[in-house]
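Hydrogens, waters and symmetry mates play no part in the numbers below; they use all other heavy atoms, side chains included. Order of appearance sets the numbers: ligands from 1, and atoms from 1 within every ligand. The structure displayed is predicted, hence computed values, not measured ones.
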Amino acid sequence: MIDITLPDGSVRQFGQSVTVHDVAKDIGKGLARATLAGEVDGELVDGSYSIQSNCTLRIITDRDPEGLDIIRHSTAHLLAQAVKDLYPEAQVTIGPVIENGFYYDFSYPLGFGEEDLHKIEARMVALAKADLEVRRIVENRDSAVQRFKEIGEEYKAEIIGEIPGGEPITLYSQGDFVDLCRGPHVPSTGHLKAFKLTQLAGAYWRGDSNREMLQRVYGTAWPNQKELDAYLHRKEEAEKRDHRKLGRQLDLFHFQEDAPGMVFWHRDGWALYTVVERHVRSLLREYDYEEVQTPQLMDRSMWKRSGHWDKFRQHMFTTHIDDRDYVIKPMNCPGHVQIFNQGLKSYRDLPLRIAEFGLVHRNEPSGTLHGLLRARRFTQDDAHVFCTQDQLREEVATLIDLTYRMYRDFGFEDIEVALSTRPDERVGEDALWDVAEDALAQALIDKKIPYKVQKGEGAFYGPKHEFVLRDSIGRRWQCGTIQVDFSMPGRLGAHYVSEDGKKVVPVMIHRAILGSLERFIGILLEDTEGRLPVWLAPIQVVIMNIADQHAGYASEVEKALTKQGIRAETDLRNEKIGYKIRHHTLRRIPYLLVVGEREVADQTIAVRTREGRDLGVVPLGDFAGMMEDRTSNHGIETIGGLKDSGS
Ligand code: ZN
C-alpha cells in the first residue's frame, strides 16, 4: 500500500505505484485535465512522475505560482522548437523564466527581424495546437554531449560538458525537438494557450562581450487569453509612464555609467525635488519635529556597535583614509541616537522627534537598479521618535495621521496597511512586544483603518506598519514604514531619567513616509504620466509672445508672476505660436500664456492649459489669484477668478 497525503490532510491509498496524474484523475476528471505537475515531499516533479512510496503530494495547476512558472518555461521550449523548425541552421543556447515571461537566446548570425517574430509565433501556435506530448529523458552526461554534438548544437554540448560527470542529466523532448532541462514541464504542448513574443535584443554568449552576439527573443505567457490581454494592456500603460523615459523627455534627470544607480538631477528635476522636500519640511514643522543633519561618513566601529556592520556589510560603501575605516552611511538611525545622547535627557524631554533628509548610499546589485525606483544613492524622509512605553500608542496614532495627510497631499487616496508582528527570532521581552503590537494595532482600529496582519514578519528588533500606495493604473508601491525598535537605543547607550529618578532606555520608532524622495518622485511621474499637479510642476507657466514687439510685455508678465512665487518662464523665440504651444504642451507645462497685440494693449493674457482647454483672455491679476488657489490647495481644483470653459 502507498499512502499519499494531500494538502488538506486527507490520505489516498493505492495498491501499486501511481503517477501524479493518476492521483489527480482519482480525485476528479477536471483536476486531471488541469494538472501541470506535482510537488512530492516538497520537490517539483512532472505529472508523469511515478510515486513508489508514502509521500505528501500537492497537485500543481495553472492557479499555482509554480504552475505559471512551468507554463512559461515550457513556452520557452516551444519557442526554441519553433525556431529550429523554421531556421534549422540556428542553434539553441539557454531559455530561462523571468518576471512575467521568459526569453531564449539563439545563435543565428543572420539575425531575426520583426517579420521573423510573427512567423515564429505562428509556428508556436501550430505546435501548441498539435498537442505534442512532452517526454522526460534521463541520460548520462557523455551521451548527452554526444547527442547534441551530432545535431550540431555546439552551445548545448558546451553547457552539458561542464556539468559534473556523476549526476544523470534530464532532457525533455516534444516532437523531434530535444532540450536540456531540469523540468518539470507541462504534460503536452496543448497546455500552452496564451503567449506572445514581445521583443528582440542582442545578448553575448555567457554575458561575455568577447564572445558571440546572440539573438534574444523575449516572450510572455499566461494561463489564458484574458490574463494575457490584461498583462499586455498593463505593460503598454506602464511603458507610456516609464519614469526613465519621462525623465529624458521632460529633461528632469539622467543616469550614466560613471555613477551607477546615482541620479544627475537637471534644473527642472531638481525644482520638482525641492518642492517635494519643502512640502515634507512644512509638515515636519507642523508635527513638532526637530530637523537635523548627520555626517555622511562615520567610523566603522560605530556600525559595528549598531549591528549594521555584521548584518548589511555587503550593501555598504566603505572608504579607508589615514589608517581608519569609514562607512558611507546606509541609514541615519545611529547618527540620530548620537544626537539624542547629547546632554542628559529626562522624561520631560520626551517624546523627541528627530528628522533628517537623510542622504544614504547602498550598494544594490547592478542588475536590480531601475532608474529612480531602485538606486544606490537616495534621500530618505527619515525620522526617529524617542519616547516612553506609555507614549508609544499616541505617537503611533499621530504618525498615522501624518502619513495619511502626506499621501493625500501628493494625490494618493488608495492606501493599504499591513502590520508585521513578532518573528521567532527576536530580542526584547514578550511583555514589551505585547505593548508595541497592541499600540500599532490599536492605533489603526481607533482610526477605523482596515489592515492585514503579516504574522511573524516583523524585524527581530520590533513590529512595524507598512504602507502601500495604489497608483492610477492599479500598481502597488510600498512606501512608508513605522517601525518600533527595542534594540538599537540600548546598543548605542541611549537613556533618559524617569519620573522616579531611574535610568531608562527609551523606545525608538523609525519612520519614513515617502520612503526615498527619489523613488517617490519616480512613482509620482509614473502615476501622473508626467502631468504633475500644478503645485508640483517644475515650471508652472510659460509666457509666449506672438511677435517680437510683444517680448517686453511677456517679460513683464513673467516678472510679476515670479514675484508672487509662481514658477514661470518665457519663450521669446522667433517661432510660430502654434509650434511653441505644441512644444510646451509636450513638456506638460500646466498653463500656457499667449500675449499679442490685444493683450499688450489691455494688459491681459490669453490662457490655455496643457489639456488644450482655452480659458480665454483675462487680466493678469485674476490669473495670479487662481494660481495661488491651486498651489496652496495641492492641486485641489478651486476655480478662482477664471471661468474654466472646457470642463
Ligand atoms: Zn532608522
Side-chain angles (χ1 to χ4, degrees), residues 280 283-284 287 289-298 302-313 315-317 327-342 345 350-364 375-387 391-392 395-396 398-400 402-403 406 419-420 423 426-428 432 436 439-440 457-467 478-496 505-520:
V280 174
L283 291 180
L284 289 179
Y287 281 76
Y289 282 78
E290 299 184 359
E291 188 186 330
V292 303
Q293 185 153 79
T294 58
Q296 217 55 40
L297 305 186
M298 282 200 283
M302 169 69 73
W303 302 98
K304 275 204 93 79
R305 271 186 289 149
S306 71
H308 291 106
W309 181 255
D310 292 328
K311 282 209 141 50
F312 298 112
R313 73 197 282 180
H315 294 305
M316 290 176 165
F317 287 101
V327 169
I328 299 163
K329 71 173 173 181
M331 34 189 90
N332 310 296
C333 337
H336 291 186
V337 179
Q338 305 316 306
I339 289 179
F340 179 88
N341 286 352
Q342 294 299 301
K345 295 284 181 301
L350 305 185
L352 186 63
R353 308 181 189 92
I354 298 179
E356 178 172 0
F357 291 98
L359 175 59
V360 296
H361 288 75
R362 294 183 188 169
N363 190 16
E364 303 289 352
R376 284 185 176 157
R377 172 196 191 271
F378 54 93
T379 312
Q380 295 177 301
D381 62 327
D382 205 0
H384 295 91
V385 178
F386 297 87
C387 65
Q391 291 166 336
L392 192 55
E395 280 307 304
V396 170
T398 313
L399 277 173
I400 292 171
L402 172 57
T403 302
M406 187 92 81
L419 167 59
S420 298
R426 58 181 183 263
V427 299
L432 204 51
L440 291 179
E457 287 185 32
F460 73 92
Y461 52 80
K464 66 176 167 186
H465 283 155
E466 284 174 355
F467 298 87
Q478 209 246 294
C479 287
T481 52
I482 296 175
Q483 167 110 47
V484 181
D485 189 339
F486 308 131
S487 165
M488 195 185 296
R491 287 182 85 121
L492 295 178
H495 66 268
Y496 66 94
V505 176
V507 176
M508 183 177 182
I509 308 172
H510 309 252
R511 75 101 181 109
I513 298 176
L514 305 184
S516 137
L517 265 67
E518 286 80 356
R519 180 168 174 272
F520 190 75

- Begin with the C-alpha distance, continue with both residues' side-chain angles, and end with the deciding distance and a verdict on side chain to side chain contact (heavy atoms under 4.5 Å, CB included) for His384 and His510. CA-CA 5 Å; His384 295 91; His510 309 252; 3.0 Å; yes
I'd like to know if the side chain of [X] reaches the main chain of [Y], judged simply by a donor and an acceptor atom lying under 3.5 Å from each other, with no hydrogens or angles considered.
X	Y	result
Asp381	Gly515	yes
Lys345	Phe340	yes
Gln391	Leu350	yes
Arg376	Asn363	no

- Query: For the Zn ion (ligand 1), how many protein N, O or S atoms come closer than 2.8 Å?
  - Reply: 3
- Query: Will you find, in the side chains of Thr294 and Glu356, an N or O donor that is under 3.5 Å from an N or O acceptor?
  - Reply: yes
